[in-house]
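What follows is a short report on a single structure.
No hydrogens, no waters, no symmetry mates; every other heavy atom, side chains included, goes into these values. What you see is a predicted model; the values in this text were computed from it and never measured. Order of the sequence lines sets the chain letters (A, B, ...), proteins ahead of strands, with each chain counted from 1.
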Amino acid sequence: MAAKKTWFQTTAIDYPNSRPHIGTAFEKLGADVQARYRRMEGYDVFFLMGNDENTVKVSKRAAELCLDTQAYCDDMARQFREVWDALDISYDTFVQTSSERHKQCCRKFIQKVYDNGHIEKGSYEGWYCEGCEEFKSEKDHKENAGNCPVHRTPLLRRNEPCYFFKLSTFSERLLKYYEENPDFIQPEIRKNEIVSLIKTEGLRDIPISRRNQTWGIQFPFDPEFTIYVWFDALLTYITGIGYGDDEATFRKWWPADTHFIGKDITRFHCALWPAMLWAAGEEPPKKVFAHGFVYLKLPEKVGDKGAGELVKIGKTTLKELGLEYLAEPMEIIKKFSAEAFRYFFLRECPYPGDGDFSPERFVDVYNSELANNLGNLLSRCLTLITKNYGGTLDSTAGWKPMWIDELDPQIQEALKASGGQYNRITWINELSKHIENCSYSVALFTIMNSLLTKSNQYIETNAPWKLVKTDKEAAKKVLFNAVQSLRIASILLKPFIPRSAEAIYTSFNFPKPWAEVQYADAAELLAQPDDLRVTAALDEGGKVKPLFPRIG
RNA sequence: CGCGGCGUGGAGCAGUCCGGUUAGCUCGCCAGGCUCAUAACCUGGAGGUCGUAGGUUCAAAUCCUACCGCCGCAACCA
């Protein structure tokens, strides 16, 4: 038997010096859709996430709070995971870089790179603040007229010994790799940026050590130094699957299929990271996907604070809606649902590009697409079947469902005109492609407008509530077909809004178990083995409970 | 001249690469229909000189030039 296809993906690991916000959540969501989709499609998936804890900032933050750094990190990791769990992010492992295993494996890796001659000792010169006990960037120096932005004291030019990774020697090899693997950096625009960066500016050797730090990972060959952020953080992607510790597991998953990252750290993942791996004798990842950012968009100059009182949706203020602290994902999740949160960002913000989050838009999208279109379609089907047929469309066993598109005379014409070129199978294939390309917003738009809106129209034109009075059999057929749209939609929506999709699917006795459905099942119109019936739980009065209650 | 992106009816976008039917879509707004449904659904309508000024062409949102405006990144902000 052929081995199951594997799929290893990661998100960027986060600094735990502040809580996760909608931007970090956006990244995890996009990755989660991919992981869920791949699982559906039969891949053996491993999804890695984590926190990047070995930074000076983190130890300082802990000190500010008078906490032990490790205790602080552990608590932040708990808080991060709480948010990811609330959002139903289906990660398989969560790496804390302060963990012993990560440290051990990191040392093995760096030793190997050192042994292979890619690390050399030099000296680092820069602007140093004695108060902060750290080097500041040229930008900080320039913008603050030579003073420390924190202490307002003059920055000193300082020179200290430092280890460098010889990144500059990899320029040619990187360019060649990009050329031979055109999909390595996605989307295209990010690839162009990196290529032009290397061609115009070139790559410098990069400092990878800090001296006299108590927090962080010590160099195996020189304990006076600790590893400087990136050289430790990136390694999470391999220590988390057993590099230097569990060879078989590591070989099973590496190289990674996709690293999901923010567009700002593209260069580290596309230039530094492959070079590091080569330096240690490992393969580079197959793909890096750099997603866009989400910007908090508020009217005028409301700012974050005070928005609760000032911004109104209809007659209600944000505060009354419970949306005071907009950048806090838990607030939105608690007030509405993880599903609403997931849907909004995946639908409204293009994953490859930037998007906006505004409370008004959030409510618009939710009401119009989830409540009015999808949720209402479910409600009307459930009610019509329950009221008129006692919940069971009898003698529909063996009936073959129709695809809504094929029931529309106009579309039938169009299908004929295309000479069979375009049909439901190509439609589903296109959707799959969108998901594989991380064009989630396009996929959701298509599901909404090409499937669900049409299904509401179909019900409207055939008016089963009227038809049932004159021709109960004909009305039954209409409902049977309409329900198929819900089956198809729930399958297609499974990676995006898993809970709601399941709720829809299990509202009826569809033959295939929910856990086993694949995208191809949406195109496959299998006959119903039993009479189609409503299996959803109804209220005491027999009323249907809205799946997505309207906001406002 | 650091790099990149954007400017299309009230809002958000597609279309621009490979110029050519009445410039599409979603939301909002207005009118009507329907009443199974979550004041939901369906139909119709108003609303745009496609940032500005030139140029190429039989023909420009689309190609060329200049300019204006907005935004992001710039080696530890996803």
Side-chain angles (χ1 to χ4, degrees), chain A residues 11-15 17-18 20-31 52 54-58 134-139 167 189-190 192-194 196-197 200-201 203-204 206-207 228-230 233 260-268 271-272 290-295 297 299 347-350 353-356 358 360-361 363-365 367-388 441-442 445-446 448-449 452-453 455-468 475 478-479 482 543-552:
Chain A
T11 63
I13 56 174
D14 298 306
Y15 290 122
N17 44 10
S18 64
H21 50 91
I22 54 175
T24 42
F26 182 55
E27 173 176 296
K28 315 309 173 206
L29 276 184
D52 185 5
N54 300 322
T55 71
V56 184
K57 273 186 188 168
V58 169
E134 67 181 17
F135 284 99
K136 299 291 175 185
S137 66
E138 284 296 332
K139 183 184 170 188
L167 178 61
I189 176 184
R190 305 269 92 94
N192 297 341
E193 273 178 17
I194 294 295
S196 90
L197 175 88
T200 58
E201 291 181 39
L203 293 169
R204 293 181 223 159
I206 64 154
Y228 193 41
V229 284
W230 283 107
F260 291 94
I261 58 160
K263 64 179 183 181
D264 56 325
I265 51 175
T266 315
R267 61 183 64 189
F268 299 107
L272 174 59
H291 62 77
F293 287 172
V294 172
Y295 297 98
K297 204 179 175 190
R347 164 69 181 89
E348 187 62 13
C349 306
D354 295 344
D356 296 317
S358 80
E360 292 92 337
R361 192 73 193 139
V363 173
D364 272 354
V365 170
N367 278 342
S368 143
E369 302 193 358
L370 289 180
N372 299 350
N373 202 349
L374 175 60
N376 187 47
L377 179 67
L378 175 67
S379 293
R380 54 202 313 209
C381 287
L382 289 176
T383 310
L384 282 164
I385 296 173
T386 309
K387 275 192 184 168
N388 297 302
S441 56
V442 179
F445 174 86
T446 310
M448 251 333 122
N449 291 289
L452 294 168
T453 299
S455 304
N456 271 313
Q457 287 167 355
Y458 171 75
I459 292 188
E460 200 68 31
T461 351
N462 292 285
W465 56 89
K466 200 184 284 175
L467 193 57
V468 75
V478 171
L479 289 172
K543 263 200 76 90
V544 172
K545 218 169 77 191
L547 184 59
F548 300 103
R550 274 181 64 90
I551 303 173

If I take atom [atom1] in residue [X] and atom [atom2] in nucleotide [N], what distance separates them, rounded to the nearest angstrom?
X	N	atom1	atom2	value
Asp264(A)	rC71(B)	CG	C1'	16 Å
Arg347(A)	rA14(B)	CZ	P	12 Å
Ile551(A)	rC27(B)	CD1	C1'	15 Å
Glu369(A)	rU26(B)	CD	P	10 Å
Glu348(A)	rG12(B)	CD	P	11 Å
Asp14(A)	rC77(B)	CG	P	13 Å
Arg361(A)	rA11(B)	CZ	P	13 Å
Asn367(A)	rA11(B)	CG	P	21 Å

Which whole number of Å gives the distance between the [atom1] atom of [N] and that of [M]?
N	M	atom1	answer
rC71(B)	rG28(B)	C1'	25 Å
rG7(B)	rA31(B)	P	34 Å
rA14(B)	rG5(B)	P	14 Å
rG12(B)	rG72(B)	P	16 Å
rC68(B)	rC30(B)	P	41 Å
rG2(B)	rC29(B)	P	47 Å

task = Taking only Lys NZ, Arg NE, NH1 and NH2, and the carboxylate oxygens of Asp or Glu, determine whether Arg190(A) and Asp264(A) approach each other closer than 4.0 Å.
result = no

message = Under a 4.0 Å threshold between the charged nitrogen and the carboxylate oxygen, would Arg380(A) count as salt-bridged to Glu460(A)?
response = yes

Would you say [X] and [Y] make side-chain contact, with heavy atoms under 4.5 Å?
X	Y	answer
Asp354(A)	Lys263(A)	yes
Lys28(A)	Asp14(A)	yes
Ile194(A)	Arg267(A)	yes
Cys381(A)	Ile459(A)	yes
Arg550(A)	Asn372(A)	yes

Any donor-acceptor N/O pair, [X] side chain to [Y] backbone, under 3.5 Å:
X	Y	value
Ser368(A)	Val365(A)	no
Thr461(A)	Gln457(A)	yes
Thr453(A)	Asn373(A)	no
Asn367(A)	Ile551(A)	yes

ask   = Taking protein heavy atoms under 4.0 Å as touching, what does nucleotides 31-39 of chain B look like 5' to 3' if B marks base contact, S marks sugar-phosphate-only contact and - marks none?
value = --BSSBBB-

inquiry  = At under 4.0 Å between heavy atoms, how does the protein contact nucleotides 1-10 of chain B? Give one character per nucleotide, 5' to 3', with B, S or -.
reply    = ---SS-----

Identify whether any heavy atom of [X] sits under 4.0 Å from a base atom; if not, whether one sits that close to sugar-phosphate; answer base, sugar-phosphate or nothing.
X	value
Asn192(A)	nothing
Ile265(A)	sugar-phosphate
Tyr295(A)	sugar-phosphate
Asn449(A)	sugar-phosphate
Val294(A)	base
Phe293(A)	base
Lys28(A)	nothing

task = Report yes or no: is there a donor-acceptor pair, N or O only, under 3.5 Å between the side chain of Tyr228(A) and the base of rC76(B)?
result = yes

query = Which nucleotide in the list rA74(B), rC76(B), rU26(B) gets nearest to the side chain of Arg267(A)?
reply =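 Nearest listed nucleotide: rA74(B).
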
remark   = Under the rule of Watson-Crick or G-U wobble with both distances under 3.5 Å, where | means paired to another strand and [ ] a crossing pair, RNA chain B maps to .(((((((.[[[[.)....(...]]]].(((((.......))))).....[[[[[..)....]]]]])))))).....

message = Between Asp354(A) and Phe445(A), which residue's closest nucleotide on RNA chain B lies nearer the 5′ terminus?
response = Phe445(A)

note = Ranking Ser368(A) and Thr453(A) by the position along RNA chain B of their nearest nucleotide, the one closer to 5' is Ser368(A)

request  = Classify the angle between the aromatic ring planes of Phe26(A) and His291(A) as parallel (below 30°), tilted (30 to 60°) or perpendicular (above 60°).
outcome  =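 The rings of Phe26(A) and His291(A) stand perpendicular, inter-plane angle above 60°.
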
Passing candidate, side-chain contact (heavy atoms from CB on, under 4.5 Å) with Trp465(A), options Leu479(A), Leu384(A), Val478(A) =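 The residue from Leu479(A), Leu384(A), Val478(A) that satisfies side-chain contact (heavy atoms from CB on, under 4.5 Å) with Trp465(A) turns out to be Leu384(A).
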
query = Do you know which two heavy atoms are closest between Ala31(A) and Phe260(A), and how far apart they sit?
reply =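 Of all heavy-atom pairs spanning Ala31(A) and Phe260(A), the closest is CB-CD1, 3.6 Å.
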
